[in-house]
Asker: 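Here's a structure for you.
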4 protein chains.
Amino acid sequence: MAADGGFAAAHLRAFIERIERLEEEKRALLGDIKEIYGEAKANGFAPKIMRQVVRLRKMDTSERQEQEALIDVYLKALIDTPPPSALAAE
Amino acid sequence: MAADGGFAAAHLRAFIERIERLEEEKRALLGDIKEIYGEAKANGFAPKIMRQVVRLRKMDTSERQEQEALIDVYLKALIDTPPPSALAAE
Amino acid sequence: MAADGGFAAAHLRAFIERIERLEEEKRALLGDIKEIYGEAKANGFAPKIMRQVVRLRKMDTSERQEQEALIDVYLKALIDTPPPSALAAE
Amino acid sequence: MAADGGFAAAHLRAFIERIERLEEEKRALLGDIKEIYGEAKANGFAPKIMRQVVRLRKMDTSERQEQEALIDVYLKALIDTPPPSALAAE
DNA sequence: TCGCCTGATAGTTGCC
DNA sequence: GGCAACTATCAGGCGA
């Protein structure tokens, strides 16, 4: 790669530049999102809860439903086997 | 730290050794868990589903319950606002 | 909040919608970045190294060198304490 | 599986219980490790550096140097391509 | 078996 | 200054 007259280096530069450009955009986007949570908080909403809500709404629409039935079967088989964490509640 | 006659170095060594020892144990534990999933698979169970089940059982017993009510309120407020991903399903 | 005639709910909906819209954009951006790393890989570059490079370029040079120096001090303090993995080599 | 008189369910329960037990141990182990880093910090060591040191000691020396060399090559190829952050300094 | 992708872990940052 | 949330990296599991 070093013996190619710098062509590879130029290639690499192009990739890195594109990536860094997109990362800048991403950074801006993250800032915008954060700002909205800030506004919401100023209006009496709980950002933490809102984040969970956004997350849940994402999950619910995924292909998870397809496997839901099987998960349910497994969970039901364990219905009288409480998870260990239940002990911590004492 | 360099001018302490190596006392700090000995101290650091002790900490690192303890950590590396525990990491070894952790590694072994992960191996055991993996093995069990393998056994289960050999018995006709789906490891992937089992992992999700374990995960769900963990979540259900966490402090999430405390915030569950509030999450519910938020979700209900959004009941006629479908998430964007619904559009992708077309 | 529940007793406000739904005004708060409408407000919440507006916030969530804005957030979910931006998250869609973010998702797209992440996909683009990933794609570029994929292209780079197909051209013989190592994505893992590229990521480190992008990260290093974000840091101030002096800060980076300071960290490396400290790492070196720690490593040297452990010079006669072989890591556990050496044992596995037997 | 459902028509087996619950034998499979019992089997599944056994697997899940073993897994959850081991996960508890893992959780405890992680807590212990975290605790040691805390102690070290209280004694004037930098946990962040320690973690990197532990990580480096896990890698083979030659492998590590190989990576560093490659990072250097990449960085040098980008030497006249300033990162975007330089623009922010203006 | 390889590549992809999701889930786990470490680092960073902002809040309290 | 410590704590907790969020982001990014990494490794293991899954599917082709």
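In what follows, chains carry the letters A, B, and so on, assigned in the order in which the sequence lines appear, proteins first and then strands, with residues in each chain numbered from 1. Predicted model only: the values in this text are computed from it and were never measured.
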Asker: In whole Å, I'd like the distance from the CD atom of C:E35 to the P atom of E:dC4.
Answerer: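 For the pair C:E35 CD and E:dC4 P, the rounded distance is 12 Å.
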
Asker: Return the set of residues passing side chain to side chain contact (heavy atoms under 4.5 Å, CB included) with C:A14 (not counting sequence neighbours), or none when no residue passes.
Answerer: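 Residues passing side chain to side chain contact (heavy atoms under 4.5 Å, CB included) with C:A14: none at all.
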
Asker: May I have all residue pairs that pass side-chain hydrogen bond (donor to acceptor under 3.5 Å, both in side chains) and include part of residues 8-21 of chain A, sequence neighbours excluded?
Answerer: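 Passing the test, one end in residues 8-21 of chain A: A:R18-C:E39, A:E20-C:R57, A:R21-A:E25.
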
Asker: Walk along DNA chain F from 5' to 3' and tell me the first and last nucleotide with an atom closer than 4.0 Å to a non-hydrogen atom of chain A.
Answerer: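 On DNA chain F, the outermost contacted nucleotides are F:dA5 to F:dA8.
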
Asker: Could you give the CD-to-P distance, from C:E39 to E:dC4, as a whole number of Å?
Answerer: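 Taking atom P of E:dC4 as the reference, CD of C:E39 is at 13 Å.
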
Asker: Could I get the full list of side chain to side chain donor-acceptor pair (under 3.5 Å) partners for D:R64, not counting sequence neighbours?
Answerer: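 D:R64 satisfies side chain to side chain donor-acceptor pair (under 3.5 Å) with D:E68 once adjacent residues are dropped.
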
Asker: Could you check D:K41 against B:R27 and say which one's nearest nucleotide on DNA chain F is further toward the 5' end?
Answerer: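 Nearest-nucleotide comparison on DNA chain F picks D:K41.
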
Asker: For C:D60, enumerate each residue passing the side chain to side chain contact (heavy atoms under 4.5 Å, CB included) test, keeping only those at least two apart in sequence or located in another chain.
Answerer: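 If we apply the side chain to side chain contact (heavy atoms under 4.5 Å, CB included) test to C:D60, skipping adjacent residues, the hits are C:S62, C:E63.
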
Asker: By side chain to side chain contact (heavy atoms under 4.5 Å, CB included), which residues pair with C:K34, not counting sequence neighbours?
Answerer: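 C:K34: no side chain to side chain contact (heavy atoms under 4.5 Å, CB included) contacts found.
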
Asker: For C:E66, which residues count as a side chain to side chain contact (heavy atoms under 4.5 Å, CB included) partner, sequence neighbours excluded?
Answerer: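 Expected list: none.
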
Asker: Once each nucleotide of nucleotides 8-14 of chain E is scored for protein heavy atoms under 4.0 Å, what B/S/- sequence comes out, 5' to 3'?
Answerer: SSSSS-S

Asker: Could you list the residues that satisfy side chain to side chain donor-acceptor pair (under 3.5 Å) with B:R27, not counting sequence neighbours?
Answerer: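 Not a single residue meets the side chain to side chain donor-acceptor pair (under 3.5 Å) criterion with B:R27.
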
